[in-house]
Amino acid sequence: MDIAKTFNATVCEEKWYAHWMEKGYFYSQPDDREPFTIVIPPPNVTGVLHMGHMLNNTLQDVLIRKARMQGFNTCWVPGTDHASIATEAKVVKKLADEGIKKSDLTRHDFLKHAWEWKENHGGLILEQLKKLGASCDWNRTKFTMDEALSESVIKVFVDLYNKGLIYRGVRMVNWDSKALTAVSDEEVIHKEVNSKLYYINYSIDGSDEMLTIATTRPETILGDTAICVNPKDERYSHLNGKFALVPLIDRKIPIIFDEYVDMEFGTGALKVTPAHDINDYQLGDKHNLEIIDILNDDGTLNESAKLYVGQDRFQVRENIVTDLAKNKFLVKTEDLVNKVGFSERTNTVIEPKLSMQWFLKTDGLSKPALEKVMDDTIQFHPSKFKNTYRHWMENIKDWCISRQLWWGQQIPAYFFDGNQFVVAETKELALKKAQSINPNITLSDLRQDEDVLDTWFSSWLWPISVFDGIRKPDNEEINYYYPTNDLVTGPDILFFWVARMIMAGYEYQNEMPFKNVYLTGIVRDKQGRKMSKSLGNSPDPLELIEKYGADGVRVGMLLSSAAGNDLLFDESLCEQGRNFSNKIWNATRLVKGWPVQEKEQPAASKVAIQWFEHTFHKTLEAINQSFEKYRISEALMLTYRLVWDDFCSWYLESVKPDYQQPIDAETYQSTLNFLDDLLKLLHPFMPFLTEEVWHLTRERKEDLMISSWPQFTTYNQSILDDFEYASEIITAIRTMRKEKQIAHKESLKLVVKVNHETTTTMDPLISRLVNLSELTYATQPLEGAFSFRVKSNEFFVPINDHLDVEAELEKLQSELSYIRGFLKSVEGKLSNQRFVNNAPENVVAVERKKQSDALSKIAILELQIKSLS
RNA sequence: GGGCGAUUAACUCAGUUGGUUCAGAGUGCCUCCCUUACAAGGAGGAAGUCGGGGGUUCGAGUCCCUCAUUGCCCACCA
């Protein structure tokens, strides 16, 4: 059979994915096996696959494929998130491009457009995941706004409201004036920016005196309702009971005293704008100040501002500074670096704004959620994130869950008689409740709250709601699959999502949502910059897959991404992955190409087989341990070296028959068996290639994907040591051949003088690999030969005219001086009484052994030098 | 401002309870080789005061202190 020289990934990817789908390997339903469940972090329904998803989902697929091979009933639930702000923004933009303004549409019509958009563009990302090889149970694909999931969200809202954990109130919230909605604290990103600090004069009412304040937001002076100074500040004590006038509008505001004010900052005088600053709000609350809200929802100024009405806040900032300067109110400006909050979604500057919102009390919910992570009931990998998590959970604030959007689950609160409201799962139920308050209420009197719920208020239920465990808390599926096993996600959504899922898990299933949380790093470019659309530094994952194959990309992503460490992505990593694919492919070609014959098994093959058997199990043990510790890239690297170095470079080279010669049947079978086991270890990382090769090497009834993970059996370390010894000898001879320019074809003789006990089972292997015609043992050194030493044994290769006596001497001298130096340091330790007395016996014994070894080695070298010179 | 990490070869990173095997891996680099699976390859090689400085200890990448650099999270200083 002719097999292509390089591995063609594309063809085989399509073939096998279709095959696996057809066979239904991805599907899961409860049975008597132990379950292994992963729920996908649902990507934004309108999103496209980026490198972060690639890493994340590769990891999940590795975990799920390995678990499947271990005999678990694996269930990887895929799905998408409705991502209310992001999706609504996209729909608004699309409509705008078509000349339609959102404000001209009814809620109903807008949602029609949104759903249409979702149907057309949604879920593309899931198709892309298939290219990666993700073995999700596609029959279970969920969307956070599916009827069942939305009902779950509403049910939870009503329940929490009834428990008194949800309340409605006017609070200072983070206002996104572009998305026109409140956002939660977690959705505000504080960034350092270069700003200006403006010093502005306020005149004191009834005097010529001026009071100078400093502010970074001069436009808000129009909403000022006080000036505040520190009561200890003697500069201002005479102003007690006085009033100041707001510049330009001459509004009279009190001068108040509060220790909150830092006397050192600016002028020590603070303007107070309770409507637009959280601190000022608290000050206002304390001192009973008037609240003047000067901002419209879209960030323009409203009538209350008196001036600049209708202009944008940043435009007003410029204008007011000009006008203040013109009227001599502006004293000076200073450059200042300060932190400003930006919206995570729209990147617009967040305005603190008073508004009526819905909140969830979180302090009670957070208690078990914190405990179970701290006591490792839920394990974080890496565990360092426990600290971050604890810090957040201990300082958790109430969660603002309402959003002034249309796309999402509408809050099930129904108003009547003005501000009276009831909370119920349906309008009909709400009516009953309302009628118990006012019997005259009819259905048409009820107005549902306009707001929708924060997206995370649906995703926090995800591990439960995908199994319908909210609506039916005791159903077969939730009982079987929950708690899930692993969650793989980025640390950036530790609070948004992970923490809240844990809270919901204990509240609604009385059980953790997952046992392990694997926190991936953030994928950055080679310069360490976060990959982003605006920087254009993110490669297109699908193009990468086309170029390097899905397996190549998977390996590339995993090779250098220890959990929790950021991954500096470089395409060369994928190249390495592709090269590895090709290496395996060619090893297969080699094995497949051998003619097989019943004949005697060469001695070299016999020992090679024995050695590989043992080295395989030693590595398997290490791989299993790495998986248990979620050191996935370590497991991959161990596999990589087992396949490339041990199997290809050593094993195959050892058993490879001479050119066009047949291989004996016994060795051939062993080789195929080894290859089978290696393919199994590789499968979670490289599913496509391995399935292809699996079917190429033998006739199979069973697919690799559903085969069993190799069983670990014990190994004999002394065989591995023996090989180690042999490999040193082989390397020494190879190096010599190279130095002396002796071709591999030219066979050599090797004479061994044993000074140190060793086993010699590897002799046939040595002879085979370095082409020896003779390997003999002697009691005396062979004079006039090239020599080297391994483990104090002496090796001699007669190479006649190739031998350079001077070079030999020099080599021996340098070995000698090295070993003398080594001996000196060992003896230094041993002559230290405190070392001998305090160190454990075995450590001392090791040093003594080093000493005696060094001494005998020195004796050998001295003898040889003498004989040469 | 508070908290948590990181600093080991040119690059990306391992290094678990302080002690054979501890100074490692992969990549890159250098030399030689298109040898009959694979040049997407083979054989060999060089490469590090383990961020600086103290300390504990018979013994320190490993534990403690301190400084420097750097990253992340949280926080209401205008």
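All chains are named by letter (A, B, ...) in the order of the sequence lines, taking the proteins before the strands, and each is independently numbered beginning at 1. None of these values were measured; they are calculated from a predicted model.
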Checklist entry - Are A:Y630 and A:H381 near enough that their ring centres are under 6.0 Å apart? => result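 Aromatic pair counts; centres sit under 6.0 Å.
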Next on the checklist: In this structure, is the centre-to-centre distance between the rings of A:Y389 and A:F385 below 6.0 Å?
Outcome noted: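 No.
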For [X], report the nucleic acid contact type (base, sugar-phosphate, nothing); a contact means any heavy atom under 4.0 Å.
{"X": "A:P840", "result": "base"}
{"X": "A:Y640", "result": "sugar-phosphate"}
{"X": "A:K745", "result": "nothing"}
{"X": "A:W594", "result": "nothing"}
{"X": "A:E634", "result": "sugar-phosphate"}
{"X": "A:T731", "result": "sugar-phosphate"}
{"X": "A:K5", "result": "sugar-phosphate"}
{"X": "A:K656", "result": "base"}
{"X": "A:I278", "result": "sugar-phosphate"}
{"X": "A:N832", "result": "sugar-phosphate"}
{"X": "A:E847", "result": "nothing"}
{"X": "A:R217", "result": "nothing"}
{"X": "A:R641", "result": "sugar-phosphate"}
{"X": "A:N387", "result": "sugar-phosphate"}

If you measure from the [atom1] atom in [N] to the same atom in [M], how many Å do you get, rounded?
{"N": "B:G24", "M": "B:U49", "atom1": "P", "result": "14 Å"}
{"N": "B:G44", "M": "B:U7", "atom1": "P", "result": "32 Å"}
{"N": "B:G61", "M": "B:U16", "atom1": "P", "result": "13 Å"}
{"N": "B:G15", "M": "B:C22", "atom1": "C1'", "result": "9 Å"}

Next on the checklist: Between A:R578 and B:A40, is there a contact of a side-chain N or O with OP1 or OP2 at under 4.0 Å?
Outcome noted: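 False: A:R578 side-chain N/O out of range (4.0 Å or more) of B:A40 OP1/OP2.
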Checklist entry - Does a side-chain N or O from A:Y659 land closer than 4.0 Å to OP1 or OP2 of B:A37, or not? => result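 No.
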State which of [options] makes the closest approach to the side chain of [X].
{"X": "A:V261", "options": "B:C72, B:U27, B:A78", "result": "B:A78"}
{"X": "A:K583", "options": "B:U16, B:U27, B:G41", "result": "B:G41"}
{"X": "A:H391", "options": "B:C58, B:A43, B:G2", "result": "B:G2"}
{"X": "A:N838", "options": "B:C58, B:U12, B:C38", "result": "B:C58"}
{"X": "A:R589", "options": "B:A75, B:A37, B:G19", "result": "B:A37"}
{"X": "A:S649", "options": "B:G42, B:A78, B:A37", "result": "B:G42"}
{"X": "A:N586", "options": "B:C77, B:C38, B:A43", "result": "B:C38"}
{"X": "A:T388", "options": "B:C73, B:G44, B:U16", "result": "B:C73"}

Next on the checklist: Once hydrogens and angles are ignored, does a donor-acceptor distance under 3.5 Å link the base of B:C77 to the side chain of A:D262?
Outcome noted: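 A donor-acceptor contact between them is present.
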Checklist entry - Could a donor-acceptor pair under 3.5 angstrom be found where the side chain of A:E653 meets the base of B:A37? => result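 For A:E653, whose side chain was compared with the base of B:A37, there is a donor-acceptor pair (under 3.5 Å).
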Determine, for [X] against [Y], whether the closest basic-nitrogen to carboxylate-oxygen distance falls under 4.0 angstrom.
{"X": "A:K857", "Y": "A:D853", "result": "no"}
{"X": "A:E847", "Y": "A:K849", "result": "no"}
{"X": "A:K547", "Y": "A:E575", "result": "no"}
{"X": "A:D280", "Y": "A:K271", "result": "no"}

Item to check | Atom pair CG (A:L823) and CD (A:E827), whose distance is rounded to the nearest 0.5 Å | outcome: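 Interatomic distance, A:L823 CG to A:E827 CD, rounded to 0.5 Å: 4.0 Å.
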Item to check | Pair A:N586, A:R589: side-chain N/O donor-acceptor within cut-off below 3.5 Å | outcome: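 A:N586 vs A:R589: donor-acceptor pair found between side chains.
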Item to check | Between A:E724 and A:S727: side-chain donor-acceptor atoms closer than 3.5 Å | outcome: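 No pair is found: no donor N or O on one side chain lies under 3.5 Å from an acceptor on the other.
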Next on the checklist: Here's a test of your reading of the structure: between A:N579 and A:D566, which maps to the more 5' nucleotide of RNA chain B?
Outcome noted: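 Looking at RNA chain B, the more 5' nearest nucleotide goes with A:D566.
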Item to check | Most 5' of A:L590 and A:F495 on RNA chain B, judged by nearest nucleotide | outcome: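 Final value for this comparison: A:L590.
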So which protein N/O to nucleotides 30-32 of chain B N/O distances come out below 3.5 Å?
from  : atom 1 : to     : atom 2 : distance (Å)
B:U31 : O2     : A:K738 : NZ     : 2.8

Checklist entry - Applying a 3.5 Å limit to both distances, which nucleotide forms a Watson-Crick or G-U wobble pair with B:A43? => result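 B:U31 is the nucleotide pairing with B:A43.
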Item to check | Whole-Å gap separating P (B:G26) and CG (A:L573) | outcome: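 These atoms are roughly 15 Å apart.
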